[in-house]
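Single-structure report; data block below.
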4 protein chains.
Amino acid sequence: MRIKDKSKEESVIAATIKLVNKIGFASSSVAKIAKEANVSPATIYIYYKNKEDLLTSTYIDIKKQLSNYMLTGFDSSKPIRDIFEHVWQNTFRFIANNKELFYFTEQFANSPYSDKIDKAEIDMYFEPLFNLLQKGIEQKIIKNVHYEILGAFIFYPVLILANNRLCKTIKLTDKTIKSSFTLAWDAIKL
Amino acid sequence: MRIKDKSKEESVIAATIKLVNKIGFASSSVAKIAKEANVSPATIYIYYKNKEDLLTSTYIDIKKQLSNYMLTGFDSSKPIRDIFEHVWQNTFRFIANNKELFYFTEQFANSPYSDKIDKAEIDMYFEPLFNLLQKGIEQKIIKNVHYEILGAFIFYPVLILANNRLCKTIKLTDKTIKSSFTLAWDAIKL
Amino acid sequence: MRIKDKSKEESVIAATIKLVNKIGFASSSVAKIAKEANVSPATIYIYYKNKEDLLTSTYIDIKKQLSNYMLTGFDSSKPIRDIFEHVWQNTFRFIANNKELFYFTEQFANSPYSDKIDKAEIDMYFEPLFNLLQKGIEQKIIKNVHYEILGAFIFYPVLILANNRLCKTIKLTDKTIKSSFTLAWDAIKL
Amino acid sequence: MRIKDKSKEESVIAATIKLVNKIGFASSSVAKIAKEANVSPATIYIYYKNKEDLLTSTYIDIKKQLSNYMLTGFDSSKPIRDIFEHVWQNTFRFIANNKELFYFTEQFANSPYSDKIDKAEIDMYFEPLFNLLQKGIEQKIIKNVHYEILGAFIFYPVLILANNRLCKTIKLTDKTIKSSFTLAWDAIKL
DNA sequence: GATGAATGAGTGTTCATTCAT
DNA sequence: CATGAATGAACACTCATTCAT
């Protein structure tokens, strides 16, 4: 028998991301993705149960990459502020270097498919960060409020700032990254 | 000459918002919107050039309402912090009382139609707030960074916290609203 | 507004029947029916909810015609045998003159769609015949067995004989019609 | 040379029949049949030229079984009526005990594949019965009409009565089998 | 102004079959 | 012999939009 062509699967994922970047999430049909990947529409259904499966798999895959990247060099022995700053910079750098991936996740997160994924599974990848928040609260370094509120200031502003669909007038330099982190830390620190 | 039936136009807008809330943005076709509004699909094309026009008009309409609500009781003679807190609370209250409108804008903002609107026109409605930031910077009350960065901490976290698609585990009470504003203010204040 | 083009609806029905005769039930797709009717596939969905609706409507329509034809000249004052012979001949004649309609019903009856129709509604059209069987039993003219058994001899053999897919070697003349009825009557008569 | 795996071939046939019973003829795709048989789709194409070949082979196989069963205990020395009654009962019993096989043939007979089989080959299996009819005619026991007409009364009503898709309200007991044969015999006897 | 009819182009998905191993 | 990968063509159905009234 023929063996599964790994490059084919990868080219489908790549085509999916590329096409979403080119024409947007809503317009990215299976047929167009197949064409972009130089593959038959039917082939996609060998690798994925259906369109939903293709998109959610792609999303989870990217989120996994993002969490890996964000947590690179994670050193729990350092001061909490330094750890968060490190993560903050990792995040900016990842988004800067992988705008296509990031754009896809933003599109996905506000699509109907978003409801279908297991948020808990995603959160798991970021668990060390939640734990760090908890530790910060206990050490009276971070404000004692719900972690969703903390997250809204320490994680999400990055996305806004990096998302050039929403924010077009600002160029991200090392200096702006550093200064924007100051705001984030001021927000959550006690 | 007959004049366009204002009530018909309104019922189309209402139907659009309602339907997007019911079945999501992607599934809301012109035919379904027409049915929801008890109107012929063709009628919609009397009031709007095409689907894009209908959706962007609806979006701008809502944004106008939101800015009105946010700026209600705007009193430039008060301390800057108090003004922002007032706006912050207005925003929370608007979203709480108009979840349907808010849900629509969230869906819209991440749709392909989002690219078609004139962001400057929208920003105009919120000009007093940008001016306030500027004033705060000049008075050395607010950090002197790009207003996009300030906005990412003083405006967007509200959306995250109020968006129960992203944030499901937290109930918004007067107390959480107040405490979340503390974070926002700490972020931007000098 | 444009009014519903009655001729369009009729041409869809005609195309459906014609196509089933030409290429068989299983191969008759909506797209092909549309093409045969010189109509867009989408148009069919104006007149019918879906493919099932199109086919079942066509079937019921034909069955109604058949019952009308079979019961033409139904005169309950005549002897029971004469009435059945009259019906038998009507049936043969209908099938002979409307082979296309008959072929469609045969195909339909053995398709998965057959399960979706309300058999009771169909039987209703043929009620006078069931009543006649009952009357014959009471008058000790017809064997007192279940009406399904009687039907298997007085109604179904016609279908077999007229169905030239199953029965290719025999030509139906007035004489064979008459003589075949003799068998049917001998079967059920007491 | 390896020989074809007989058990594999049988499991494909079994799967075909089972699946047709489960989901109907029209929905029974090659891929599904393969899965049901725990075999690759490609394997089916080793044993059969194509789908048509698979289905027609299955059909002919069943018909062969049916004819065997019907002619079991065929004793040409007995009176003609007794022989037919014996065959009639065999038929009922076969169908009762092999509803799956029978259901398949009914589905097949009204499918487009039906046109592809060699009816003469099938008829061959039932030749003794046609000969018997001939003998009956010569002996002036059976009406002298075309054998297709005779068949329509002595063979087909069984199928109608046993087919619980068409005939749902009647339970088949020894008594109803016997009495229904009376009708059949009355139909054809002189 | 207002409408339902009408449509070509598109949707996600499955089909019977062949290919490379 | 046996397989799962691969596919172009087809499937039923919906889309945004225009037409005729």
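It should be emphasised that the depicted structure is a prediction, and the values quoted were computed from it without experimental measurement. Just so it is clear: chains get the letters A, B, ... in the order the sequence lines come, proteins before strands, and each one is counted from 1.
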*When you measure from the side chain of B:Ile46, which nucleotide among E:dA16, E:dT3, E:dT13 comes out closest?*
E:dT3

*asked:* Using a 4.0 Å cut-off on heavy atoms, which residues in residues 26-44 of chain D reach DNA chain E? List them by number, or say none.
replied: D:Ser29, D:Val30, D:Lys32, D:Ala42

*Residues two or more places apart in sequence or in another chain: which of them pass side chain to side chain donor-acceptor pair (under 3.5 Å) with B:Glu100?*
none

_Test of understanding: with side chain to side chain contact (heavy atoms under 4.5 Å, CB included), list the residues that count as partners of D:Ala37, not counting sequence neighbours._
D:Ser11, D:Val12, D:Ala15, D:Val39

*Nucleotide pairing, DNA chain F (Watson-Crick or G-U, distances under 3.5 Å), in dot-bracket with [ ] and |*: .||||||||||||||||||||

*Rounded to whole angstrom units, what separation is found between the NZ atom of C:Lys8 and the C1' atom of F:dA20?*
11 Å

*salt bridge (Lys or Arg N to Asp or Glu O under 4.0 Å) contacts touching residues 39-60 of chain D (sequence neighbours left out)*: D:Glu52-D:Lys116

*Can you check side chain to side chain contact (heavy atoms under 4.5 Å, CB included) on C:Ser28 and C:Thr16, steps first, answer last?*
CA-CA 8 Å; C:Ser28 294; C:Thr16 304; over 6 Å; no

*How many Å lie between CG on C:Asn50 and P on F:dT14, as a whole number?*
8 Å

*Closest to side chain of B:Tyr45, choosing from F:dA5, E:dG12, F:dA16*: F:dA16

*Please report, rounded to the nearest Å, how far the C1' atom of F:dC13 is from the CD atom of C:Glu52.*
14 Å

*Using salt bridge (Lys or Arg N to Asp or Glu O under 4.0 Å) as the criterion, list what pairs up with B:Lys18, not counting sequence neighbours.*
B:Glu36

*What pairs with B:Phe25 under ring-ring contact (aromatic ring centres under 6.0 Å, His included), at least two apart in sequence or on another chain?*
B:Phe104

*Mind calculating the distance between CG (D:Leu55) and C1' (E:dT17) to the nearest angstrom?*
14 Å

*Could you give the CG-to-P distance, from A:Leu19 to E:dG10, as a whole number of Å?*
14 Å

*Between the main-chain N or O of A:Phe102 and the side-chain N or O of A:Thr105, is there a donor-acceptor pair closer than 3.5 Å?*
yes

Less than 3.5 Å apart, which donor and acceptor atoms pair up between the side chains of residues 59-66 of chain A and the rest of the protein, not counting sequence neighbours?
from: A:Asp61; atom 1: OD2; to: A:Gln65; atom 2: NE2; distance (Å): 3.4

*Expressed in angstrom and rounded to an integer, what is the separation of B:Tyr48 atom OH from F:dT18 atom P?*
17 Å

*Kindly write out the residues that satisfy side chain to side chain donor-acceptor pair (under 3.5 Å) with A:Tyr125, not counting sequence neighbours, or none if the list is empty.*
A:Glu121

*Atom OH of B:Tyr47 and atom C1' of F:dT18: how far apart are they, to the nearest Å?*
18 Å

*Would you mind reading off the distance between D:Asp53 atom CG and E:dT17 atom C1', rounded to a whole angstrom?*
14 Å

